[in-house]
Amino acid sequence: MYPLDQCKKEITAELQKVVAKYHNNEEIRVEIPPEGMGDFAFPCFSFAPLLKKSPMEIAKEIAANIPKNKWITTVEAKAGYVNFFIDTTCLTTATLQSILEKKDTYGYLPKKKKKVIIEHTSANPNGPLHVGRARNPIIGDTLVRIFKAAGYDVESQFYLDDMGKQVAILAWGVNNIDHRHIPASENKKADHQNVGFYQIANERMESDETVAQQIGDIVKKLEHGDHKTIEMIHASYAPVLDGIKQSLLRINIHIDTYVQESTFVYDKSVERIIKELKQTPHCHEQDDAFYLDMEPFGIQGRNTKFFFLRKDGTTLYATRDIAYHQWKAHHADMLVNVLGEDHKLESKQVRVALELLQTKILPQVVFYAFVSLPGGKMSTRRGRVVYLDELIDECIERAYEEVKKRRASELTESQMKKIAELVGIGSLRYNIIKVQPEKDIMFKWEDALNFEGNAVPFIQYAHARACSILGKTKTKDHKFEAAVLTHASEAALIKQLARFPLIIDDACNNCKPHTVANYLYETASAFNQFYRDCPVLSEENKVLRSSRLTLVEATKIVLHTALDLLGITAPEEM
RNA sequence: GGGCGUGUGGCCUAGCCUGGAUAAGGCACCGGCCUUCUAAGUCGGUAACCGCGGGUUCGAAUCCCGCCACGUCCGCCA
């Protein structure tokens with residue numbers, strides 16, 4: 001157990017003892033008070049009507065009955081709250097020891113021996129990833145990292161749509177359109193080179209009945225397990241998928257498993273699901289097609305019919321998704337999906353179906369709002385997009401200009417290039433992850449590429465500063481004396497470091513990756529204040545100097561680990 | 001028409017789940033700090049009736065109801 005957990009637990013236990021005589025049956029919940037009023041606080045308002053005393057009197061009474069111990073130094077009653085001041089020396093010792101001992105696993109929680117499958121990205125392989133979709137891999141990969149840190153065994157999955165119309169359109173294009181009719185793309189990656197086939201094929205499909213027919217035929221053949229067709233599809237999108245993987249790799253994202261949708265048609269699991277769904281009382285037939293009535297499950301609107309079988313006997317995307325989820329449920333203890341908000345209804349329909357089929361494990365879904373452009377929504381079909389690759393390039397280029405402006409006289413060209421890469425990629429990931437997924441975001445270059453204030457360079461810079469200090473000393477193992485780290489900036493920084501394990505726990509339990517970004521910003525900020533107030537290398541008092549060095553080392557470790565949770569590299573210098 | 005989500009200083013964001021002590025940051029703007037570990041830093045200032053209206057409560061940005069605006073969905077598409 002980490003120091004702050006232990007401390008909180010003791011305070012809660014002491015409160016429990018005192019409050020027991022008020023016949024309180026609510027759970028004791030301590031909160032974090034505003035600046036200067038201690039480390040933990042307990043509000044007494046709810047006892048007032050019960051005891052017919054003022055909250056202030058009750059707070060005084062409770063405060064007087066809390067014994068001091070190793071953790072609790074001062075207990076005071078103020079404005080109806082019992083405020084606890086914890087022993088800084090004790091917290092400092094325990095926290096720094098914990099960090100030095102666990103190093104880059106400080107903050108990690110005990111192994112839970114549970115497997116979680118996190119599905120994210122799952123983009124149609126018909127073109128390059130664009131900025132709207134970019135939120136998906138970044139949220140997904142960050143969750144993967146957070147769940148691992150929280151002690152889970154994690155597998156990331158990309159659900160690959162190789163049966164749908166989108167990929168059939170691309171395949172038709174690749175096989176029927178002369179490449180000279182495809183508008184040239186500046187980017188040489190295969191996903192950029194091939195997206196034109198999809199766009200042109202899409203136009204042709206809309207204007208030409210025969211083309212639409214041919215594409216429909218491809219989809220039908222896929223459903224009926226025509227091997228030649230499925231091979232043709234795989235061959236058509238393979239280069240595009242490869243390009244997508246390369247883009248993901250550029251932003252430090254690797255996906256463990258790519259699961260083909262066709263798997264569930266060919267292994268007959270979709271067939272089995274249809275049979276089972278037909279036997280549920282909510283299944284109805286209409287013109288030889290089958291649907292579940294969603295009305296009893298809280299779904300309202302113009303149409304509450306969830307069709308899972310067409311009249312021609314073929315299945316639908318959502319039907320196959322049910323099979324995929326059942327398969328996942330067999331292979332994991334917990335499921336997490338990252339989906340765009342346009343999938344909310346489909347996701348709910350799949351959930352209801354899974355419940356009807358008595359599937360043991362249901363997915364926890366993180367929905368994100370689309371990233372829009374100042375003029376409106378992005379669309380691959382209409383070519384109205386900012387591609388992820390363009391954004392990556394622009395971020396790195398802009399970061400390079402910044403490095404050059406500041407460090408050109410001190411660093412070599414290759415050093416600057418390397419730093420620009422880390423800062424550029426980091427900026428991209430940080431800017432997307434720092435905002436709650438459900439919040440709409442409008443994409444503006446000036447915001448995405450702003451390198452000041454609450455942005456990744458601020459954090460990376462703090463890390464580089466820590467490295468710089470540590471690099472200027474010869475001694476490696478730092479001894480520390482907690483009692484000398486008494487400056488307010490030191491105490492604030494240590495408390496911040498102590499909070500890290502709680503942040504991981506919270507971010508994982510609530511699937512809120514943005515809280516890690518907030519924590520990082522606060523930690524870097526606390527370090528910058530310490531940096532201003534407490535000279536390290538020039539400190540003459542040997543014990544204080546070495547204790548501060550230890551604190552710098554500890555901060556460096558935490559910043560590094562927390563950045564890693566966001567898939568961002570911590571540079572040694574910048 | 002209905003469902004779901006979002007609405008916090010000029011702009012952007014945290015806090016909302018689990019109600020609590022002066023609503024916390026960033027950008028922009030104004031004014032300080034580089035003979036001291038990288039100023040991508042730091043200190044101070046101006047700026048918010050927390051979308052609007054009700055309700056619950058000792059107490060509401062937070063919970064409940066209604067309304068408005070924006071996003072998204074309501075296909076035998078994916």
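Just so we're on the same page: letters track the sequence lines, and every chain starts at 1.
B/G32 and B/A69 are spaced 47 Å apart, taking the P atom of each and rounding to whole Å. Using C1' as the reference atom, B/G59 and B/G66 are 23 Å apart when rounded to the nearest Å. Nucleotides B/A60 and B/U18 place their C1' atoms 14 Å apart, quoted to the nearest Å. Nucleotides B/C4 and B/U22 place their P atoms 35 Å apart, quoted to the nearest Å. B/A48 and B/G75 have their C1' atoms separated by 44 Å, with the value rounded to a whole Å. Spacing of C1' atoms, B/G31 relative to B/A24, comes out at 23 Å, to the nearest Å. One P atom belongs to B/G26, the other to B/U42, and the distance between them is 8 Å to the nearest Å.
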B/S/- contact track for nucleotides 64-70 of chain B, protein heavy atom under 4.0 Å: -------
Base versus backbone protein contacts along nucleotides 57-63 of chain B [heavy-atom cut-off under 4.0 Å; B, S, -]: -B-----
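Dashed line: the shortest gap from a side-chain N or O of A/S468 to OP1 or OP2 of B/U38 is under 4.0 Å. OP1 or OP2 of B/A14 has at least one side-chain nitrogen or oxygen of A/Q436 nearer than 4.0 Å. Phosphate proximity of B/C43 to A/R532: present, with a side-chain N or O under 4.0 Å from OP1 or OP2.
Taking A/E209 as the reference, nothing meets the salt bridge (Lys or Arg N to Asp or Glu O under 4.0 Å) condition, with sequence neighbours excluded. For A/Y324, the side-chain contact (heavy atoms from CB on, under 4.5 Å) partners are A/E119, A/Q157, A/Y159, A/V259, A/F264, A/D321, A/W327, A/K328, not counting sequence neighbours.
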Verdict with supporting geometry, A/E402 and A/R406, salt bridge (Lys or Arg N to Asp or Glu O under 4.0 Å): CA-CA 6 Å; A/E402 292 291 321; A/R406 296 163 212 268; 2.5 Å; yes
Stepwise side-chain hydrogen bond (donor to acceptor under 3.5 Å, both in side chains) test for A/K542 and A/S546: CA-CA 6 Å; A/K542 287 248 162 60; A/S546 143; over 6 Å; no
Verdict with supporting geometry, A/N337 and A/H325, side-chain hydrogen bond (donor to acceptor under 3.5 Å, both in side chains): CA-CA 10 Å; A/N337 295 344; A/H325 276 85; 2.8 Å; yes
Step-by-step side-chain hydrogen bond (donor to acceptor under 3.5 Å, both in side chains) determination, A/Q415 to A/T412: CA-CA 5 Å; A/Q415 280 174 312; A/T412 65; 3.2 Å; yes
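As rounded to whole Å, 17 Å separates atom C1' of B/G25 from atom OH of A/Y519. Distance A/K439 NZ to B/C17 P: 15 Å, rounded to the nearest Å. For the pair A/Y430 OH and B/C12 P, the interatomic distance rounds to 18 Å; values are reported in whole Å. Atom pair A/F367:CZ and B/U72:P shows a separation of 16 Å (rounding to whole Å applied). Atom-to-atom, OH of A/Y400 to P of B/A40 comes out at 17 Å; the value is rounded to the nearest Å. Summarising the geometry, the separation between CG on A/D533 and C1' on B/U42 is reported as 9 Å, rounded to the nearest angstrom. Atom CD1 in A/I469 sits about 12 Å away from atom C1' in B/G41, given to the nearest Å. Note: NZ (A/K472) to C1' (B/U36) measures 12 Å, nearest angstrom.
A salt bridge does not link A/E572 to A/K418: none of the charged nitrogens lies less than 4.0 Å from a carboxylate oxygen. A salt bridge does not link A/E57 to A/K60: none of the charged side-chain nitrogens sits closer than 4.0 Å to a carboxylate oxygen. Looking at A/E394 and A/R398, no side-chain N of the basic residue comes within less than 4.0 Å of a carboxylate O on the acidic one, giving no salt bridge.
Relative to the six-membered ring of A/F527, A/R465 misses at least one condition, a distance below 6.0 Å or an angle of at most 45° to the axis. Geometrically, A/K434 does not engage A/Y521 in a cation-pi contact defined by less than 6.0 Å to the ring centre and at most 45° from the axis.
Counting only N and O atoms by type, the side chains of A/Q529 and A/R532 include no donor and acceptor under 3.5 Å apart. In the model, A/S468 has no side-chain atom that pairs as donor or acceptor with a side-chain atom of A/E573 under 3.5 Å.
Base contact: A/C534 has a heavy atom under 4.0 Å from a base atom. Residue contacts for A/V552: at a heavy-atom cut-off of 4.0 Å it reaches no nucleic acid atom on any strand shown. The residue A/R406 sits close to a base: some heavy atom pair falls under 4.0 Å. If you check every strand for non-hydrogen atoms under 4.0 Å, A/Q460 touches nothing. Here A/P55 lies out of heavy-atom contact (under 4.0 Å) with every strand. Note on A/N431: nothing from the nucleic acid sits closer than 4.0 angstrom, heavy atoms only.
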Sort me out a list of protein N/O and nucleotides 26-34 of chain B N/O pairs below 3.5 Å, or just none if empty.
residue : atom : partner : partner atom : Å
B/G26   : O2'  : A/N454  : N            : 3.2

Between protein and nucleic acid, restricted to nucleotides 73-78 of chain B and to nitrogen or oxygen atoms under 3.5 Å apart, what atom pairs and distances do you find?
residue : atom : partner : partner atom : Å
B/C74   : O2'  : A/N303  : N            : 3.2
B/C74   : O2'  : A/N303  : O            : 3.0
B/C74   : O2   : A/R302  : N            : 3.4
B/C74   : N3   : A/R302  : NH1          : 3.2
B/G75   : OP2  : A/N303  : ND2          : 2.8
B/C76   : O3'  : A/R310  : NE           : 3.4
B/C76   : O2   : A/K311  : N            : 2.9
B/C76   : N4   : A/Q286  : O            : 3.2
B/C77   : OP2  : A/R310  : NE           : 2.7
B/C77   : OP2  : A/R310  : NH2          : 2.8
B/A78   : OP1  : A/R310  : NH2          : 3.1
B/A78   : OP2  : A/Y317  : N            : 3.1
B/A78   : O3'  : A/D161  : OD1          : 3.3
B/A78   : O3'  : A/D161  : OD2          : 2.1
B/A78   : O2'  : A/N124  : ND2          : 3.3
B/A78   : O2'  : A/D161  : OD2          : 3.4

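Contact check for A/Q214 versus A/I218: no side-chain heavy atoms found under the 4.5 Å cut-off.
Counting distance only, with no hydrogens placed and no angle test, the side-chain atoms of A/N83 and the base atoms of B/A21 include a donor-acceptor pair under 3.5 Å.
Note that the CD atom of A/E490 and the CG atom of A/L551 stand 6.5 Å from one another [nearest 0.5 Å]. Distance check, rounded to the nearest 0.5 Å: CD1 of A/I568 to CD1 of A/I425 gives 10.5 Å.
Mapping A/S525 and A/P535 onto RNA chain B via the closest heavy atom, the residue that lands nearer the 5' end is A/P535. Place A/A524 and A/Y531 on RNA chain B by their nearest nucleotides, and A/Y531 ends up nearer the 5' end.
Base pairing of B/C27: its partner is B/G10, meeting the Watson-Crick or G-U wobble criterion (both donor-acceptor distances under 3.5 Å). Partner assigned to B/G1 is B/C74, using Watson-Crick or G-U wobble distances below 3.5 angstrom.
Classified by interplanar angle (parallel below 30°, tilted 30° to 60°, perpendicular above 60°), the ring pair A/F308/A/F290 is tilted.
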